[in-house]
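I have placed the structure first, in the form of structure tokens, so that the comments after it can refer back to it.
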Number of protein chains: 2
Amino acid sequence: MAPKVSEDYKQARRRELLQAAKRVFIQKGFVHTSMQDIMDEAGISRGAFYSYFDNIDHVFMEVLKYEDQQIIQFLAPPAEGSVWQHLKRWVEDQQGYIESLHDTLLLAKSEFFLSSLYVKNKENFPYISDRYDETAAAIEEAIEEGIRRGEFRTQLRPGTMARFLISFMNGLMLDTYQLGRERTRVEEQLAALLFSLEQMLSPVQG
Amino acid sequence: MAPKVSEDYKQARRRELLQAAKRVFIQKGFVHTSMQDIMDEAGISRGAFYSYFDNIDHVFMEVLKYEDQQIIQFLAPPAEGSVWQHLKRWVEDQQGYIESLHDTLLLAKSEFFLSSLYVKNKENFPYISDRYDETAAAIEEAIEEGIRRGEFRTQLRPGTMARFLISFMNGLMLDTYQLGRERTRVEEQLAALLFSLEQMLSPVQG
DNA sequence: CTTGAAACTATACATAGGTGTCGGTTATAA
DNA sequence: TTATAACCGACACCTATGTATAGTTTCAAG
């Protein structure tokens, strides 16, 4: 006879499972999450779950892919307004994001990509390097657009500034995750970042 | 009868064990290192090893303490020379350090302090927050010394700039550990950092 | 409505790896 | 010589993985 369920159903179920997995990863991180934890959260049996995913690395990578689908390119190319205002706004928005890091996959991602298994098998996991390059390229593109419009007068290469910004944000997020926003003084640091960017870009309409 | 060995011997043995542990942690990180791995590296039996250390968290914390003893405060208060030259030199030195991250405890430390067990028991592990505060204070002190000498004309609070520097360096180190120095463009980023610091501090003798 | 196959449950299993302890052995300082 | 600290390695225990099995539910084609 015909298959029991439609392809759509399978897809939907799979998505449910990934959502459950995501909840667990957010709460427990990667290292301390077991397959059983995810099965319990999803309310599914061992056998059924293993028919969807091979192992926990597989589950996690699928969660990341699923997550990426949802993320809109808010860092995307600048709209019609001022590029500087756009960047400034983005930096200011980061503050709210950083204050809710415990509700994100930050911990799980950091653990996963630090694990030596990953670092020693970079080739098999192009995800993170691709992600880094894409993010850098997006920021770089925004800066170049500003230059094209005559809005910025830059002292450094756009790609350098983009990566500088990424390094800073990554460091700030991890430190703040571990130590809390009071100790790292998030707001002040972001203000310092804006100051730096302003010096680097010399925006005409500061 | 009297104890079999001298106190000195015990201390020395303990140090040997910590050195072996350190080698393993450097090579395998924290998550993928087991007690057995360390015992094998040290060439000691389970029982003997457990008479020195209670569990792997204990071993790791002791490694960190041992490591701290060795580290001299090279970021220490500025000598008699120019504070700006001192800071500049320090940043330049970081490049070499960053290129050999795989021979350090960076991975192990990151893994250890990320593990949710740690994050959810901050109180029990004052190490990392103390370390952060101390480092920030050291940089802050250097900057303030520059101000006192009339060498710097700062736009931002010294504590903010210190933490800004730490965030950036932490982010750069982790990204570079994972992606390699070509991809993150370490040299250029450090140049950008120097540019930023120069704008922030306005050193009189650039 | 029947029915057959897919999806699922619950549980058992073999494997693997790690933990911390314990009784016995070795080596040395008194 | 001898008591005792330092050491050894087997052991019992636990947790997790991935597979396998038998039996049950569900759904859609016929």
Side-chain angles (χ1 to χ4, degrees), chain A residues 1-21 24-25 27-63 108 111-112 115-118 120-121 124, chain B residues 1-21 23-25 27-63 108 111-112 115-118 120-121:
Chain A
M1 288 291 134
K4 179 179 166 187
V5 297
S6 69
E7 195 56 31
D8 279 356
Y9 171 85
K10 289 275 290 182
Q11 290 284 342
R13 188 77 212 266
R14 191 183 155 90
R15 238 172 288 135
E16 282 175 27
L17 298 179
L18 288 179
Q19 279 167 355
V24 179
F25 283 129
Q27 206 221 323
K28 309 188 66 172
F30 178 76
V31 171
H32 296 108
T33 292
S34 69
M35 288 295 250
Q36 194 60 56
D37 292 334
I38 300 173
M39 294 164 197
D40 290 348
E41 171 74 21
I44 192 178
S45 68
R46 252 186 124 54
F49 193 76
Y50 268 101
S51 77
Y52 282 92
F53 305 103
D54 296 336
N55 52 55
I56 204 160
D57 286 43
H58 182 204
V59 177
F60 191 70
M61 287 303 294
E62 294 304 308
V63 167
E111 287 182 337
F112 182 76
S115 92
S116 39
L117 293 184
Y118 161 70
K120 277 157 189 160
N121 291 290
N124 309 336
Chain B
M1 292 288 133
K4 179 178 166 186
V5 297
S6 70
E7 195 56 30
D8 280 357
Y9 171 85
K10 289 275 291 183
Q11 289 284 342
R13 189 77 213 267
R14 191 183 155 90
R15 239 172 288 133
E16 282 174 26
L17 298 180
L18 288 178
Q19 279 167 354
R23 288 195 297 275
V24 180
F25 283 130
Q27 206 221 323
K28 309 187 66 171
F30 178 75
V31 172
H32 296 107
T33 292
S34 69
M35 289 294 251
Q36 194 59 57
D37 292 333
I38 300 173
M39 295 164 197
D40 291 348
E41 172 73 22
I44 193 178
S45 70
R46 281 191 89 61
F49 192 77
Y50 267 100
S51 78
Y52 284 91
F53 306 102
D54 297 336
N55 53 54
I56 204 158
D57 285 43
H58 182 205
V59 177
F60 192 69
M61 287 302 294
E62 294 304 308
V63 168
E111 287 182 337
F112 181 75
S115 94
S116 38
L117 294 185
Y118 161 70
K120 277 155 190 164
N121 292 289

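Everything numeric in this text was worked out from a predicted model, so none of it was measured. Order of the sequence lines fixes the chain letters, A, B, ..., with proteins taken first and strands second; residue numbering starts at 1 for each chain.
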Item to check | Length of the NE2-P vector between A/His32 and D/dT15, whole Å | outcome: 14 Å
Item to check | B/Phe49 CZ - D/dC7 P separation (whole Å) | outcome: 12 Å
Checklist entry - Does anything in residues 32-47 of chain A pair up under salt bridge (Lys or Arg N to Asp or Glu O under 4.0 Å), and if so which pairs, sequence neighbours excluded? => result A/Arg23-A/Glu41, A/Lys28-A/Asp37
Item to check | Partner set under ring pair (Phe, Tyr, Trp, His ring centres under 6.0 Å) for A/Phe53, not counting sequence neighbours | outcome: A/Phe49, A/His58
Item to check | Value in whole Å for how far the C1' atom of C/dA7 lies from CD of A/Glu7 | outcome: 13 Å
Checklist entry - Looking for any heavy atom pair under 4.0 Å, which part of the strands does A/Phe53 touch: base, sugar-phosphate only, or nothing? => result nothing
Item to check | Residues in salt bridge (charged side-chain N to carboxylate O under 4.0 Å, His left out) contact with A/Arg15, at least two apart in sequence or another chain | outcome: none
Item to check | Pairing residues for B/Arg13 by the side-chain contact (heavy atoms from CB on, under 4.5 Å) criterion, not counting sequence neighbours | outcome: B/Tyr9, B/Glu16, B/Leu17, B/Ile44, B/Tyr52
Next on the checklist: Once you apply a heavy-atom cut-off of 4.0 Å, does A/Tyr9 come out as touching a base, just sugar-phosphate, or nothing?
Outcome noted: sugar-phosphate
Checklist entry - What is the distance from CZ of A/Arg13 to C1' of D/dC27, rounded to the nearest Å? => result 15 Å
Next on the checklist: In this structure, how many angstroms lie between the P atom of C/dA7 and the CD1 atom of A/Ile44, rounded?
Outcome noted: 12 Å
Kindly give the atom pairs (protein nitrogen or oxygen, nucleotide nitrogen or oxygen) under 3.5 Å for nucleotides 16-19 of chain D.
{"from": "D/dT17", "atom 1": "OP1", "to": "A/Met35", "atom 2": "N", "distance (Å)": "3.0"}
{"from": "D/dG18", "atom 1": "OP2", "to": "A/Tyr50", "atom 2": "OH", "distance (Å)": "2.9"}
{"from": "D/dG18", "atom 1": "N7", "to": "A/Arg46", "atom 2": "NE", "distance (Å)": "3.4"}
{"from": "D/dG18", "atom 1": "N7", "to": "A/Arg46", "atom 2": "NH2", "distance (Å)": "2.7"}
{"from": "D/dT19", "atom 1": "O4", "to": "A/Arg46", "atom 2": "NE", "distance (Å)": "3.4"}

Checklist entry - Can you say whether the rings of B/Phe30 and B/Phe112 are parallel (under 30°), tilted (30 to 60°) or perpendicular (over 60°)? => result perpendicular
Next on the checklist: Without decimals, in angstroms, what is the distance between A/Arg14 CZ and C/dA6 P?
Outcome noted: 19 Å
Checklist outcome for this item: When every non-hydrogen atom of A/Leu18 is compared with those of A/Glu62, the smallest separation belongs to CD2-CB, 3.8 Å
Item to check | Toward the 5' end of DNA chain C, by each residue's nearest nucleotide, A/Ser51 or B/Ala48 | outcome: A/Ser51
